[in-house]
Amino acid sequence: MENTERYINALLNGEDSVIKEIYSKIYPKVVSYIVSKNGRSDDSLDVFQDALMYIIVTQKEKRTTIVSFEAYLFVVCKNIWKKKLDNKVIKADLITLVDKETELSSFIVEQKSFEFYMKKFDLLSTNCKEILSVYFNGATYEELLIEFSYGTINTIRQRVFKCRSKLIELIKGDVEFQKIMKWGVI
């Protein structure tokens, strides 16, 4: 946790030596990930810098607790890269110029939504989190039945339904969600 605070403070204050340390420690992992996911090494530099900018912007806006800076930065990089891949249009005769500020603001909204969702997801019981994690990753009811040793398919369906309902209730009951809905963002 102490490195996490040190890294965030260095980013916010522009401390070059610590920022270089962040690059040397975490950037190679990001390069490796992006190259393994159909990217080039220069793509990874853009992604890494966008991720650092995201952290600076969000931490200046409101300091939040980050348990592991390295893990958090890597997840932000992965999410930015996935978004870039989703938005990539391959046309030989057409070059699309993308407004970086619009792209970053769009990513910030998506990342904030994901963080909001994860906060609510973390409020579920351990059993619900385990079941929904496996279910949301594409497992069938039959696979859930075997993995969690429930008696019948109907029982596991009811459990998934109750866990999803609880998650929806937590999300919809939050004041922030109600504000977002009022403004029509979601």
Side-chain angles (χ1 to χ4, degrees), residues 1-122 124 129-130 132-139 143 147 167 176 180 185-186:
M1 183 90 163
E2 69 185 44
N3 259 352
T4 296
E5 283 301 311
R6 192 170 131 252
Y7 289 159
I8 291 171
N9 289 332
L11 287 173
L12 295 176
N13 299 322
E15 296 173 25
D16 287 339
S17 62
V18 180
I19 292 172
K20 286 178 183 175
E21 182 184 329
I22 293 170
Y23 270 86
S24 66
K25 186 175 182 182
I26 304 168
Y27 180 66
K29 296 174 186 175
V30 173
V31 173
S32 177
Y33 173 79
I34 289 177
V35 168
S36 76
K37 300 293 182 189
N38 302 323
R40 300 182 326 259
S41 58
D42 39 325
D43 292 327
S44 58
L45 184 58
D46 290 341
V47 168
F48 195 76
Q49 289 172 341
D50 287 349
L52 291 176
M53 281 305 299
Y54 168 78
I55 291 173
I56 291 168
V57 168
T58 57
Q59 291 298 308
K60 275 185 179 177
E61 184 181 295
K62 181 181 178 194
R63 284 301 284 259
T64 56
T65 304
I66 298 172
V67 177
S68 168
F69 180 83
E70 186 174 341
Y72 184 75
L73 177 57
F74 190 76
V75 167
V76 171
C77 288
K78 280 175 63 173
N79 289 341
I80 290 173
W81 182 244
K82 286 178 186 175
K83 177 133 178 76
K84 284 184 185 278
L85 285 179
D86 289 345
N87 290 336
K88 220 176 229 184
V89 177
I90 302 172
K91 293 185 179 178
D93 57 347
L94 178 65
I95 299 174
T96 305
L97 299 176
V98 178
D99 180 9
K100 278 263 194 204
E101 287 180 16
T102 304
E103 190 176 299
L104 183 59
S105 63
S106 169
F107 172 74
I108 288 172
V109 169
E110 285 183 24
Q111 186 69 23
K112 289 227 179 254
S113 297
F114 175 74
E115 290 169 3
F116 173 79
Y117 166 81
M118 287 308 296
K119 268 197 246 177
K120 298 306 164 193
F121 187 82
D122 285 340
L124 294 173
K129 286 191 275 191
E130 290 170 354
L132 289 180
S133 292
V134 175
Y135 178 75
F136 289 153
N137 281 313
E143 292 167 333
E147 184 166 338
L167 180 58
E176 287 301 312
I180 291 169
V185 175
I186 293 180

Item to check | Step-by-step side-chain contact (heavy atoms from CB on, under 4.5 Å) determination, V76 to F114 | outcome: CA-CA 11 Å; V76 171; F114 175 74; over 6 Å; no
Item to check | Pair T58-E115, side-chain contact (heavy atoms from CB on, under 4.5 Å): steps then yes or no | outcome: CA-CA 12 Å; T58 57; E115 290 169 3; 5.9 Å; no
Checklist entry - Are I56 and K60 close enough, and set up right, to give a side-chain contact (heavy atoms from CB on, under 4.5 Å), and what steps lead you there? => result CA-CA 6 Å; I56 291 168; K60 275 185 179 177; 4.0 Å; yes
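A 4.5 Å side-chain heavy-atom check between F69 and I55 finds at least one atom pair inside the cut-off. A heavy-atom distance below 4.5 Å is found between the side chains of L45 and Y23.
Under a 4.0 Å N-O distance rule, the pair D122/K119 does not qualify as a salt bridge. One finds a salt bridge joining K84 and D50 here, because a Lys/Arg side-chain nitrogen approaches an Asp/Glu carboxylate oxygen to under 4.0 Å.
Inspection of the N9 and R6 side chains reveals no N or O donor paired with an N or O acceptor under 3.5 Å.
Contact between R40 and I34 at its shortest, heavy atoms only, is O-CG2, 4.0 Å. Annotation for V31 and S44: closest pair CG2-OG, 3.3 Å, computed over non-hydrogen atoms. What you find for K29 and F74 is that their closest heavy atoms are O-CE1, 3.7 Å. Minimum interatomic distance between A10 and I19 (heavy atoms only, all atoms of both residues): O-CD1, 3.8 Å. Of all non-hydrogen atoms in E143 and A139, the two that sit nearest each other are OE1-CA, 3.1 Å. Taking all atoms of both residues into account, the shortest heavy-atom contact from L124 to L167 is CD2-N, 3.9 Å.
In this structure, CG on L11 lies 4.0 Å from CD1 on I22, to the nearest 0.5 angstrom. Note that CD1 of I80 and CE of M53 are 10.5 Å apart. Values are rounded to the nearest 0.5 Å. Remark: Q59 CD to Y7 OH distance equals 15.5 Å, nearest 0.5 Å. In this structure, CD1 in I8 is found 11.0 Å from CG in N3, a value given to the nearest 0.5 Å.
Not one N or O on the side chain of S32 forms a donor-acceptor pair closer than 3.5 Å with the backbone of P28. Using a distance-only test at 3.5 Å, with no hydrogens or angles considered, a donor-acceptor pair links the side chain of W81 to the main chain of K37.
Relative orientation of the Y27 and F48 rings is perpendicular, given thresholds of 30° and 60° on the angle between their planes. Ring-plane geometry between F136 and F121 is classed as tilted, the angle between the planes lying from 30 to 60 degrees on a 0 to 90 degree scale.
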